[in-house]
Amino acid sequence: ALRAGRRLEVGMMPWAVSCDGVDDYISLGTLGNFGSQRNNSVIEITFKTPRDYAPGAITNLFGQQNSSSGAAAWLRVDLCTNRNVEYAPGYTHFYHRDDNNRTISCEIHNEALYDGEYHTLLIDYRDSGLGRLKVFVDDVAQQITYRVANSIGECSNFAYPLVVGARNAGGIIDRHAEITVKRFKITLNDQPYAEYLIDEGQGNIIHDISGNDYHGTIHGATWVWVDD
């Protein structure tokens, strides 16, 4: 049996959730006290895009849905986006901001993430207090280029959900998401905090197997069979 905390290899899950960029996403909710402790976290996501993905627009992989005022802290990862938050195929942008608007904004350039195959992206936020992140693609450390590298300080708990995909907020499409996701995991203080195998194959709930019961809800996205 699969257990919480076990590292899974790409290709083990027969099901995945497909988001087509219209208004398809997975809401993980506000995740308890995770928001205020995010500087001690590692996030992993196994996903794929269409082959040679170049949609002509910034793609939202996952992130905290923020208020329109921009006042709350953000945590997000954007595909086809550079460190200046401009559309840039082959680049991936990482953004982290605390309650006092201190920010980390940086990029990696790895076109393999857009080759139509499943890859695992890991973001290690545990050096955020030093103004640094660590990023791995399929266990390989990535070279990071920074636009802003502030030391991240106090962060509030999330007032808005952490969302995988693109959510239509206020009637306006929040970026774009043409992705297929088959695993998402949050580790906090070196312990599993929320982990989703995304293998249910039906219904609109993805179950958290960490034991903390932060179950996710699918909105609009569809189940697809993984044919590796």
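Index from 1, following the sequence. Because the structure is a prediction, the values reported are computed rather than measured.
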Does the Asn82 side chain pair with the main chain of Val85, one donor and one acceptor, at a distance under 3.5 Å? yes

Among Asp138, Thr120, Thr180, which one satisfies side-chain hydrogen bond (donor to acceptor under 3.5 Å, both in side chains) with Thr46? Thr120

Between the side chain of Asp99 and the main-chain N/O of Ser156, is any donor-acceptor distance below 3.5 Å? yes

So, for Asn212 and Ser210, which heavy atoms are closest and what is the spacing to 0.1 Å? N-OG, 3.1 Å

Taking the six-membered ring for Trp, are Phe184 and Phe47 ring centroids under 6.0 Å apart? no

Going by the rule ring-ring contact (aromatic ring centres under 6.0 Å, His included), which residues pair with Tyr53 if we only count those two or more places apart in sequence or in a different chain? none

Determine yes or no for a side-chain-to-main-chain donor-acceptor pair under 3.5 angstrom, with Gln37 supplying the side chain and Gly35 the backbone. no

Taking atom CD1 of Ile104 and atom CG of Asn39, what is their separation to the nearest 0.5 Å? 7.5 Å

How far apart are the C-alpha atoms of Leu31 and Ile186, what are their side-chain angles, what is the distance that settles it, and do they pass the side chain to side chain contact (heavy atoms under 4.5 Å, CB included) test? CA-CA 10 Å; Leu31 292 167; Ile186 297 173; 3.7 Å; yes

Is there a donor-acceptor contact under 3.5 Å from the side chain of Asp98 to the main chain of Asn101? yes

Nearest 0.5 angstrom please: Glu154 CD to Asn100 CG, how far? 7.0 Å

Contact between Leu122 and Val42 at the side-chain level, heavy atoms closer than 4.5 Å - yes or no? yes

Go through the structure and list residues passing salt bridge (Lys or Arg N to Asp or Glu O under 4.0 Å) with Asp190, not counting sequence neighbours. Arg126

Please report the shortest heavy-atom distance between Ala221 and Val17, naming the atom on each side. CB-CG1, 3.4 Å

For a 4.5 angstrom cut-off between non-hydrogen side-chain atoms, does Leu28 reach Val163? no

Backbone N or O of Ile152 within a donor-acceptor pair of the Arg102 side chain at under 3.5 Å? no

For residues Arg183 and Glu44, determine if any side-chain heavy atom of one lies less than 4.5 Å from a side-chain heavy atom of the other. yes

Any idea which heavy atoms bring Arg132 and Ala149 closest together, and the distance? NH1-CB, 3.0 Å

Can you find a heavy atom in the side chain of Glu178 that is under 4.5 Å from one in the side chain of Cys19? no

Shortest non-hydrogen pair, Leu188 vs Ser41, comes out as CD1-CB, 4.0 Å

Answer yes or no for Arg38 and Tyr125: cation-pi contact, defined as NZ/CZ to six-membered ring centre under 6.0 Å and angle to ring axis within 45°. no

Does a side chain donor of either Ser105 or His93 reach within less than 3.5 Å of an acceptor in the other side chain? yes

Between Ser151 (side chain only) and Gly129 (backbone N and O only), is there a donor and an acceptor less than 3.5 Å apart? yes

Chi angles and distances behind the side chain to side chain contact (heavy atoms under 4.5 Å, CB included) call for Thr92, Thr81: CA-CA 5 Å; Thr92 306; Thr81 311; over 6 Å; no

Any chance you could measure Ser36, atom OG, to Asn157, atom CG, to the nearest 0.5 Å? 4.0 Å

Go through the steps to decide whether Ile58 and Cys80 satisfy the test side chain to side chain contact (heavy atoms under 4.5 Å, CB included), and finish with yes or no. CA-CA 6 Å; Ile58 291 173; Cys80 294; over 6 Å; no

If you look only at pairs with a residue in residues 190-217, which of them pass as a ring pair (Phe, Tyr, Trp, His ring centres under 6.0 Å), with sequence neighbours excluded? Phe34-Tyr193, Tyr193-Tyr214, His207-His215

First locate atom CD1 of Ile45, then atom NZ of Lys185, and finally report the distance between them rounded to the nearest 0.5 Å. 14.0 Å

Nearest-0.5 Å distance that lies between atom NE2 in His96 and atom OG1 in Thr103: 9.5 Å

Report yes or no: does Asp208 contribute a side-chain atom to a donor-acceptor pair with the main-chain N or O of Glu195 at less than 3.5 Å? yes

Could you please spell out the steps behind the side chain to side chain contact (heavy atoms under 4.5 Å, CB included) verdict for Phe94 and Ile108? CA-CA 9 Å; Phe94 306 87; Ile108 64 169; 3.9 Å; yes

Do any N or O atoms from the side chain of Trp225 and from the backbone of Ala16 form a donor-acceptor pair under 3.5 angstrom? no

Would you mind reporting whether Cys106 and Thr145 have side-chain heavy atoms less than 4.5 Å apart? no

Validate the cation-pi geometry between Arg147 and Tyr95: distance from NZ or CZ to the six-membered ring centre under 6.0 Å, angle to the ring axis within 45°. no

Among all residues two or more places apart in sequence or in another chain, which pass the salt bridge (Lys or Arg N to Asp or Glu O under 4.0 Å) test with Asp20? none

Holding to side-chain hydrogen bond (donor to acceptor under 3.5 Å, both in side chains), I want the full list of residues that pass it with Asp24, two or more places apart in sequence or in another chain. none

Less than 4.5 Å apart, any side-chain heavy atom of Tyr146 and any of Ile144? yes

Give a yes or no answer on whether the side chain of Tyr114 reaches the backbone of Tyr91 with a donor-acceptor pair at less than 3.5 Å. yes

Which pairs count as salt bridge (Lys or Arg N to Asp or Glu O under 4.0 Å) when at least one residue sits in residues 49-58, sequence neighbours excluded? Arg51-Glu117

Do the non-hydrogen side-chain atoms of Ile43 and Leu121 ever get within less than 4.5 Å of each other? no

Trp15 side, atom CH2; Ile206 side, atom CD1 - distance, nearest 0.5 Å: 15.0 Å

Do Asp78 and Leu61 have side-chain heavy atoms sitting under 4.5 Å apart? no

